[in-house]
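Read through the structure below, which is laid out as structure tokens, and then see the notes.
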Amino acid sequence: MDDRYEHFYVGGEWVRPSSGRVITPVNPSTETVLGSVPEALEADIDTAVEAARRAFDERGGWASWDPGRRAAVMERLATEMEARADRIAEYVSLQNGMPITMSRQLEVGYPTEVLRYYARLARTGGFSEVRPGLMGGPVEVRQVPVGVVAAIVPWNYPQVLSMFKIAPAMAAGCTVVLKPSPEAVFDSFLVAEAAEAAGVPAGVLNIVPGGREAGAHLVSHPGVDKVAFTGSTPAGRAIAETCGRLLRPVTLELGGKSAGIILDDADLSPATIGEALVRVTLTHSGQTCHLSSRILAPRSRCTEVVDLLTDIARGLPIGDAMDENTLIGPLTTAQQRERVEGYIAKGRSEGARVTTGGGRPAGLDRGWFMEPTVFADVDNGSVLAQEEVFGPVVCVVPYDDVDDAVRIANDSDYGLGGTVWTTDPERGAAVARRVHTGTIGVNRYLPDPAAPFGGTKASGLGSELGPEGLRSYLRPQSIYL
Ligand code: NAD
């Protein structure tokens with residue numbers, strides 16, 4: 001491995017860590033250690049924030065650049081990331097068990113699309129306007145960058161979720177300290193290399209992998225102006241408390257337990273709906289925050305829905321994430337698998353019925369694999385239907401009529417994703433509008449970079465993506481002329 005990986009990318013340089021502490025990510029498909037990188041401690045976070053601060057405060061620096069000039073740097077960064085696409089995808093899959101075919105598509109193509117989208121948005125301007133005032137003169141209204149951004153991401157989609165923050169922050173003129181999760185760090189070094197090669201000015205993007213304590217230190221650091229977090233709801237609450245005390249703007253993308261409402265007119269033939277249903281229920285072994293992991297089925301067609309999901313789940317190839325044929329890779333950590341097994345036991349004890357899966361797959365003795373599991377006869381009030389399992393577990397909850405389906409969908413602490421399945425898209429959209437959630441799809445689901453992505457209730461605060469995502473890195477300043 002490159003000796004740059006023994007350093008942190010801070011202030012445009014590869015700087016020596018403050019201690020000898022290291023992070024040693026493990027390949028979840030094989031349980032072997034992949035290598036090591038330094039672990040950021042408080043002193044390293046301080047150095048990174050100082051570098052970002054300097055780059056932000058510098059006269060004539062990044063924040064004051066014409067947005068088109070920033071956009072050109074962002075486009076070069078996208079090109080440099082694409083030049084490293086294969087290695088980024090490999091690192092992601094080796095670290096978090098995402099099937100390699102998926103990480104190629106999602107963990108490289110999608111983030112660079114987001115980067116280019118925000119570069120285009122920066123070029124369209126709108127950062128300043130002069131309005132005719134009502135008090136004796138015009139007013140210049142400027143949209144100025146909020147400042148130094150602390151970006152904290154989880155391991156499940158390390159590249160996508162980092163770029164949801166880096167791209168709008170850069171477009172706005174902010175500088176960033178990114179703290180990747182210890183489970184997925186190597187890919188972040190490739191982003192650092194890409195930033196260096198693209199000529200991203202020193203200190204605009206700083207990358208310091210570390211654990212929870214490093215994250216907490218970054219969130220409360222006096223040099224930080226805004227926090228952008230994706231992760232679990234408990235961590236999000238802790239971060240929100242700190243930010244509340246400090247009056248520091250914060251965006252939180254947290255957990256979910258979204259509903260997939262199958263309407264009574266849905267076409268349930270595997271050829272029509274099969275692949276799409278797999279994507280919205282089991283993508284990345286269920287370790288995806290917006291999945292429709294609660295499938296709501298009309299009582300009259302519940303058996304059909306359960307049979308369809310059972311057949312699909314049973315046929316999915318489980319295996320090493322690096323295998324081109326794998327659709328279900330391992331869970332990312334041993335603890336994550338234990339947690340999922342705990343939920344499966346809980347579901348059984350609550351009276352739900354496992355129709356397929358429920359255990360560790362035969363023949364895969366190494367690696368943290370779990371069979372895709374379908375539960376029928378699930379009560380929406382049960383723990384299985386209310387808590388985020390974050391594993392390959394789908395539960396089917398019957399409903400009586402559309403009002404009942406909407407009531408059940410909304411009977412959740414979360415509100416992040418969701419889907420409606422129907423042969424009548426207008427009817428589907430009408431149902432979707434009644435669901436209390438930040439995002440929802442009709443017969444499909446994929447966060448669109450052009451539209452805000454975020455949750456309501458315990459799923460978070462604020463939005464990423466779309467023009468709304470850019471706005472959260474800007475604050476207005478009015479100058480009475
Ligand atoms: P996590 O909350 O434990 O960790 C996420 C990141 O936050 C890591 O980098 C971690 O080191 C850091 N962290 C943890 N506690 C912190 C604290 N108190 N202060 C500062 N930083 C802290 O989550 P995880 O287990 O890594 O990820 C899984 C969770 O992420 C799931 O609940 C999932 O739903 C959620 N998630 C949400 C979205 C979304 O967009 N809403 C996307 C992906 C994952």
Side-chain angles (χ1 to χ4, degrees), residues 96-99 102-103 105-107 110 154-157 160-161 164 230-233 253-262 273-297 305 308-310 312-313 316 318 327-332 336-337 339-340 343-344 347 356-357 370-375 378 380 383-397 408-410 412-421 432 435-448 453-460 464-465:
N96 75 3
M98 180 185 292
M102 188 182 147
S103 46
Q105 269 179 19
L106 272 186
E107 283 285 281
Y110 193 98
W155 41 259
N156 58 342
Y157 291 83
V160 168
L161 297 170
F164 277 18
T230 300
S232 62
T233 297
E253 304 284 0
L254 310 176
K257 188 75 187 186
S258 304
I261 304 175
I262 303 205
I273 200 174
E275 214 184 300
L277 266 190
V278 171
R279 267 203 299 274
V280 303
T281 52
L282 290 165
T283 288
H284 195 6
S285 294
Q287 301 170 118
T288 308
C289 51
H290 54 64
L291 292 183
S292 298
S293 51
R294 271 188 307 149
I295 291 290
L296 312 191
V305 170
L308 172 69
L309 283 167
T310 304
I312 295 175
L316 295 172
I318 308 174
L327 283 181
I328 298 289
L331 295 177
T332 300
Q336 187 68 18
R337 179 167 69 172
R339 206 171 146 257
V340 172
Y343 275 115
I344 291 174
T356 184
M370 269 313 284
E371 293 172 318
T373 302
V374 177
F375 272 98
V378 178
N380 195 58
V383 167
L384 191 65
Q386 288 293 322
E387 294 190 10
E388 182 182 52
V389 174
F390 226 53
V393 178
V394 187
C395 51
V396 182
V397 181
I408 295 170
N410 291 337
S412 171
D413 287 343
Y414 293 109
L416 182 59
T419 43
V420 183
W421 301 88
V435 181
H436 303 158
T437 185
T439 61
I440 186 163
V442 179
N443 294 327
R444 69 185 182 104
Y445 185 98
L446 185 63
D448 190 318
F453 174 78
T456 179
K457 301 189 268 185
S459 291
E464 299 190 305
L465 299 184

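Counting begins at 1 with the first residue of the sequence. Small disclaimer: the values here were computed from a predicted structure and weren't measured.
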Side chain to side chain contact (heavy atoms under 4.5 Å, CB included) for Leu296 and Ile262? Distances and angles first, verdict last. CA-CA 6 Å; Leu296 312 191; Ile262 303 205; over 6 Å; no

Taking all heavy atoms of Ile318 and all of Pro372, pick out the closest pair and write down the distance. CD1-CD, 3.6 Å

Does Gln287 have any side-chain hydrogen bond (donor to acceptor under 3.5 Å, both in side chains) partners at least two apart in sequence or in another chain, and if so, which? Thr332

In the structure I gave you, are the side-chain heavy atoms of Phe375 and Leu384 within less than 4.5 Å of one another anywhere? yes

Measure across Ser258 and Gly417 and return the closest heavy-atom pair with its distance rounded to 0.1 Å. OG-N, 2.9 Å

Might you point out which heavy atoms bring Ile295 and Leu277 nearest each other, and give the distance in Å? CD1-CD2, 4.4 Å

Between the main-chain N or O of Val160 and the side-chain N or O of Glu107, is there a donor-acceptor pair closer than 3.5 Å? yes

Would you say Asn96's side chain and Trp155's backbone share a donor-acceptor pair under 3.5 angstrom? yes

Taking the side chain as every heavy atom from C-beta outward, state whether Tyr414 and Thr233 have any atom pair closer than 4.5 Å. yes

CE/Met102 to CD/Gln105 distance, rounded to the nearest 0.5 angstrom? 8.5 Å

Given the rule in the side chain to side chain contact (heavy atoms under 4.5 Å, CB included) test, do Tyr157 and Leu106 qualify, once you have shown the distances and angles that lead to the verdict? CA-CA 8 Å; Tyr157 291 83; Leu106 272 186; 3.8 Å; yes

Taking every heavy atom of Leu309 against every heavy atom of Val396, the minimum-distance pair comes out as CD1-CG2, 3.6 Å

Any heavy-atom pair between the side chains of Lys457 and Asp413 that's under 4.5 Å? no

With heavy-atom distances below 4.5 Å as the criterion, would you say the side chains of Lys257 and Ser293 are in contact? yes

Tell me whether Ser459 contacts the main-chain N or O of Gly255 through its side chain, where contact means a donor paired with an acceptor under 3.5 Å. yes

Without swapping roles, check the side chain of Glu464 against the backbone of Phe453 for a donor-acceptor pair under 3.5 Å. no

Between Thr439 and Tyr445: side-chain donor-acceptor atoms closer than 3.5 Å: yes

Taking the side chain as everything from C-beta on, heavy atoms only, tell me whether Thr373 gets closer than 4.5 Å to Thr356. no

With side chain to side chain contact (heavy atoms under 4.5 Å, CB included) as the test, pick out the partner of Leu282 among Leu327, Leu316, Val393. Leu316

Judged by atom type as modelled, is there a donor-acceptor pair below 3.5 Å linking the side chain of Ser285 to the main-chain atoms of Leu331? no

Tell me if a side-chain donor or acceptor on Thr437 pairs with a main-chain N or O of Leu416 at a distance below 3.5 Å. yes

Test side chain to side chain contact (heavy atoms under 4.5 Å, CB included) applied to Val383 and Tyr343, step by step: CA-CA 8 Å; Val383 167; Tyr343 275 115; 3.8 Å; yes

Shortest non-hydrogen contact between Ser292 and Thr419, atoms and distance: OG-OG1, 2.8 Å

For residues Ile261 and Val435, determine if any side-chain heavy atom of one lies less than 4.5 Å from a side-chain heavy atom of the other. yes

Taking all heavy atoms of Gly329 and all of Pro99, pick out the closest pair and write down the distance. N-CG, 4.1 Å

Within a strict 4.5 Å, meaning less than it, do heavy atoms of the Phe390 and His284 side chains meet? no

In sequence, state the C-alpha distance, the side-chain angles, and the governing distance for Ile408 and Val397, and then conclude on side chain to side chain contact (heavy atoms under 4.5 Å, CB included). CA-CA 9 Å; Ile408 295 170; Val397 181; 4.1 Å; yes

Do any pairs count as a salt bridge (Lys or Arg N to Asp or Glu O under 4.0 Å) and have a residue in residues 280-295, sequence neighbours left out, and if so which ones? none

Under 4.5 Å between any side-chain heavy atoms of Glu253 and Cys289, yes or no? no

